[in-house]
Amino acid sequence: MREIAILGATGSIGTQALDVIARHSGDFRVSALTAHSNANELFAYVRRFRPRFAGLVREAPIPEDLRFCEWFFGEDANERVLRAAKSHDALCAVVGIAGLPAVMAALEVCGRVLLANKEALVTGGALVMEEAARRGVPILPVDSEHSAIFQCLQGGQEPERLILTASGGALRTWSREAIQRATVRDVLKHPTWRMGGKITVDCATMMNKGLEVIEAHYLFGMPEAAISVLVHPQSVVHSLVEFADGSLLAQMGVADMRVPISYALGYPQRIESGAARLDLLSCGPLTFEAPDEARFPCLRLAREALRAGPYAMIALNGANEAAVAAFLENRIPFGAIANIVEQILASTLPERISCVEDVYRMDKGARLSANVEIGRME
Ligand code: NDP
Ligand code: MG
């Protein structure tokens with residue numbers, strides 16, 4: 001019986017993970033659940049999965065029948081829950097840099113980290129990978145592209161190139177002018193995946209793919225130049241790996257996050273995920289296009305940040321989180337997200353990042369500058 005802590009249990013990844021776990025109640029036990037502020041939904045999951053520990057960033061009154069569980073509240077609820085539960089596995093499905101301290105704590109106390117929270121690697125990739133290596137704790141990717149690559153690398157051979165596929169997001173076919181004025185409603189209509197708000201906006205700017213290039217760099221130790229991106233609107237090929245002999249291995253399947261979630265949960269075994277089978281006769285034709293960096297500059301910005309170093313990746317992520325939040329609140333136009341990120345990246349001076357405190361300081365600075373820009377636009 002593996003005990004698992006799920007951080008960000010009320011989100012898109014968290015709820016799908018609970019769906020997979022419910023199919024394997026004899027093999028997995030939920031030891032801890034956390035959320036930010038969605039107390040009622042968390043209560044429902046606590047009632048159903050009966051973890052021994054639970055946490056909410058925003059404190060709420062706990063119903064009488066849920067007092068069997070030990071509760072933690074506040075900004076550090078994830079870390080405190082993890083330290084109390086000491087589970088075999090932690091699934092980090094929190095959104096944003098808020099997941100970084102949770103990932104660091106999970107590496108300290110858990111046997112394996114199942115990682116959905118890509119922002120933790122974008123902002124603290126070197127620190128996270130060093131800590132994982134030092135403690136000998138495996139990080140199993142949950143992001144679908146990285147799970148695909150991880151699956152293709154099971155043969156143990158060194159790849160020459162990684163190829164990340166991208167759906168292209170909700171605005172893939174839009175003109176440059178139309179993209180500038182896309183509304184929240186337009187952007188949240190993702191063609192193939194159902195996900196949380198922040199990542200859906202990142203898909204539409206293609207920042208998501210930029211963050212994923214950085215994520216792949218850290219997870220698989222590949223240089224930026226050896227990580228390509230292909231737009232593949234059908235989301236059937238989830239990513240590919242190229243080897244020295246010219247062979248390409250791809251992982252395919254329906255667009256259902258329960259597949260990469262169950263791969264990480266069951267690893268190295270494969271377990272039933274609940275996903276439908278891919279019907280090759282009806283899923284095609286499969287098409288591939290080069291990403292258009294003129295219409296979607298965020299991919300280029302993320303590559304520039306990766307080449308510049310950790311300080312730039314933290315600035316890129318902080319500016320992006322601030323700009324995406326402002327867009328979702330209808331405070332800035334869609335086109336402003338990329339402009340703000342570009343501006344903050346250009347005006348941030350290099351700094352050495354040697355601990356998580358350096359990461360938070362840099363992140364705070366980037367958000368502050370981004371919010372000044374956002375304020376000017378309102
Ligand atoms: P959602 O917005 O759907 O869910 C986020 C979850 O995190 C919610 O449970 C939220 O709680 C919780 N949360 C937010 N901040 C905190 C915090 N400080 N402490 C504890 N819990 C917190 O996001 P997604 O599930 O879409 O994404 C989660 C992560 O997984 C992101 O990093 C994303 O990039 C990555 N990912 C997601 C994919 C997807 O298909 N959704 C695919 C690949 C990667 P509350 O409900 O209370 O706000
Ligand atoms: Mg992905």
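Not measured: the values here are computed from a predicted model. Just follow the structure's listing: the first ligand is 1, and inside any ligand the first atom is 1.
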Task: ligand 1 atoms in contact with Ala9 (distance to a heavy atom under 4.0 Å) - done: 9 (O)

Open item on the list: Only heavy atoms of Asp143, strictly under 4.0 Å: list the atoms of ligand 1 that pass.
Closed with: 43 (C), 44 (C)

Open item on the list: Tell me whether Asp358 is salt-bridged to Arg352, with the criterion being a basic N under 4.0 Å from an acidic carboxylate O.
Closed with: no

TODO: Please work out which of the three classes, parallel, tilted or perpendicular, describes the rings of Phe220 and His146, given edges at 30° and 60°.
DONE: parallel

TODO: For ligand 1, find out whether one of its N or O atoms is nearer than 3.5 Å to an N or O atom of Met195.
DONE: no

Task: pair Phe296-Val231: side-chain heavy atoms closer than 4.5 Å - done: no

Task: Close-contact set for ligand 1 against Ala98 heavy atoms, below 4.0 Å - done: 18 (N)

Task: atom 27 (O) of ligand 1: the protein heavy-atom neighbour that sits closest, reported with distance to 0.1 Å - done: Ile13 CG1, 4.3 Å

- [ ] Would you tell me which option among Ala93, Ser144, Pro260 has the nearest heavy-atom contact to atom 6 (C) of ligand 1?
- [x] Ala93

Open item on the list: Need the ligand 1 atom indices (1-based, order shown) with element for anything under 4.0 Å from a heavy-atom of Ala35.
Closed with: 11 (O), 20 (C), 21 (N), 47 (O)

Open item on the list: Can you confirm whether Arg58 is buried at CZ, in the sense that more than 12 heavy atoms of other residues, nucleotides or ligands lie under 6.0 Å from that atom?
Closed with: no

Task: Trace of the side-chain hydrogen bond (donor to acceptor under 3.5 Å, both in side chains) decision for Arg194 with Gln16 - done: CA-CA 11 Å; Arg194 295 282 155 269; Gln16 293 181 85; over 6 Å; no

I'd like a table of donor-acceptor pairs (distance under 3.5 Å, sequence neighbours excluded) in which one partner is a side-chain atom from residues 135-144, with atom names and distances.
unit_1: Arg135; atom_1: NE; unit_2: Glu131; atom_2: OE2; d: 2.7
unit_1: Arg135; atom_1: NH2; unit_2: Glu131; atom_2: OE2; d: 3.4
unit_1: Asp143; atom_1: OD2; unit_2: Lys118; atom_2: NZ; d: 2.9

- [ ] Say whether Gly14, considering both its backbone and side-chain N or O atoms, lies within less than 3.5 Å of an N or O atom on ligand 1.
- [x] no

TODO: Starting from atom 3 (O) of ligand 1, locate the nearest protein heavy atom and write down its residue, its atom name and how far away it is, to 0.1 Å.
DONE: Ser12 N, 2.9 Å

Open item on the list: Is there a polar contact, in the sense of an N or O pair closer than 3.5 Å, between Thr10 and ligand 1?
Closed with: yes

- [ ] Evaluate the ring planes of Phe150 and Tyr267, with Trp represented by its six-membered ring, and classify them as parallel (under 30°), tilted (30 to 60°) or perpendicular (over 60°).
- [x] tilted

Open item on the list: Run Arg300 and Glu342 through salt bridge (Lys or Arg N to Asp or Glu O under 4.0 Å) and show every step you take.
Closed with: CA-CA 10 Å; Arg300 168 180 57 82; Glu342 181 145 38; 3.4 Å; yes

Open item on the list: Heavy atoms only, cut-off 4.0 Å: how does His36 contact ligand 1, side chain, backbone, both, or neither?
Closed with: both

Open item on the list: With a 4.5 Å cut-off on side-chain heavy atoms, are Leu265 and His24 touching?
Closed with: no

Task: Residue pair Ser262, Glu272: steps toward the side-chain hydrogen bond (donor to acceptor under 3.5 Å, both in side chains) verdict - done: CA-CA 7 Å; Ser262 56; Glu272 156 63 21; over 6 Å; no

- [ ] Using distance alone, determine whether Arg194 and ligand 1 share an N or O pair under 3.5 Å.
- [x] no

Task: Taking atom 26 (O) of ligand 1 as the reference point, the nearest protein heavy atom with its distance - done: Gly196 N, 2.9 Å

Open item on the list: Suppose the cut-off is 2.8 Å; which protein N/O/S atoms would you list for the Mg ion (ligand 2)?
Closed with: Asp143 OD1, Glu145 OE1, Glu212 OE2

Open item on the list: At under 4.0 Å between heavy atoms, is it the side chain or the backbone of Val57 that contacts ligand 1, or both, or neither?
Closed with: side chain

Open item on the list: Just so I know, are the side chains of Met313 and His217 near enough to count as touching, which here means a heavy-atom distance under 4.5 Å?
Closed with: no

Task: Val94, portion touching ligand 1 at heavy-atom distance under 4.0 Å - done: both

Open item on the list: Is the contact between Glu119 and ligand 1 made by the side chain, the backbone, both, or neither, using heavy atoms and a 4.0 Å cut-off?
Closed with: side chain

Open item on the list: With a heavy-atom distance limit of 4.0 Å, tell me whether Asn78 approaches ligand 1 through its side chain, its backbone, both, or neither.
Closed with: side chain

Open item on the list: Under 4.0 Å between a side-chain nitrogen and a carboxylate oxygen: does that hold for Glu357 and Arg361?
Closed with: no

TODO: Number the atoms of ligand 1 from 1 as they appear, then name those within less than 4.0 Å of a heavy atom of Ala116, with their elements.
DONE: 30 (O), 32 (O), 35 (C), 36 (N), 44 (C)

Open item on the list: Show the atoms of ligand 1 that are less than 4.0 angstrom away from any heavy atom in Gly8.
Closed with: 6 (C), 7 (O), 9 (O), 12 (C)

- [ ] Tell me, yes or no, whether the heavy-atom count around Glu329 atom CD, taken from other residues, nucleotides or ligands under 6.0 Å, exceeds 12.
- [x] yes

TODO: Could you list the atoms of ligand 1 found under 4.0 angstrom from a heavy atom of Lys118?
DONE: 32 (O), 34 (O), 44 (C)

Open item on the list: For residues Ile21 and Val94: do they belong to one hydrophobic cluster (side chain heavy atoms under 4.5 Å, members Ile, Leu, Val, Met, Phe, Trp, Tyr)?
Closed with: no

TODO: Take atom CD of Glu75 as the centre, draw a 6.0 Å sphere, and report whether it contains more than 12 heavy atoms from other residues, nucleotides or ligands.
DONE: no

- [ ] Note the single closest protein heavy atom to atom 42 (C) of ligand 1, along with its residue, its atom name and the distance in Å.
- [x] Met257 CE, 3.6 Å

Open item on the list: Applying a strict under-4.5 Å side-chain criterion to I, L, V, M, F, W and Y, I'd like to know whether Val103 and Val356 cluster together.
Closed with: yes

- [ ] Could you tell me the residue and atom name of the protein heavy atom closest to atom 36 (N) of ligand 1, and the distance to it rounded to 0.1 Å?
- [x] Ile199 CD1, 3.7 Å

Open item on the list: I'd like the name of whichever of Gly11, Ala102, Ala77 reaches closest to atom 1 (P) of ligand 1 through any heavy atom.
Closed with: Gly11

Open item on the list: When you measure from the side chain of Arg67 to the backbone of Ile62, do you find a donor-acceptor pair of N or O atoms at a distance under 3.5 Å?
Closed with: yes

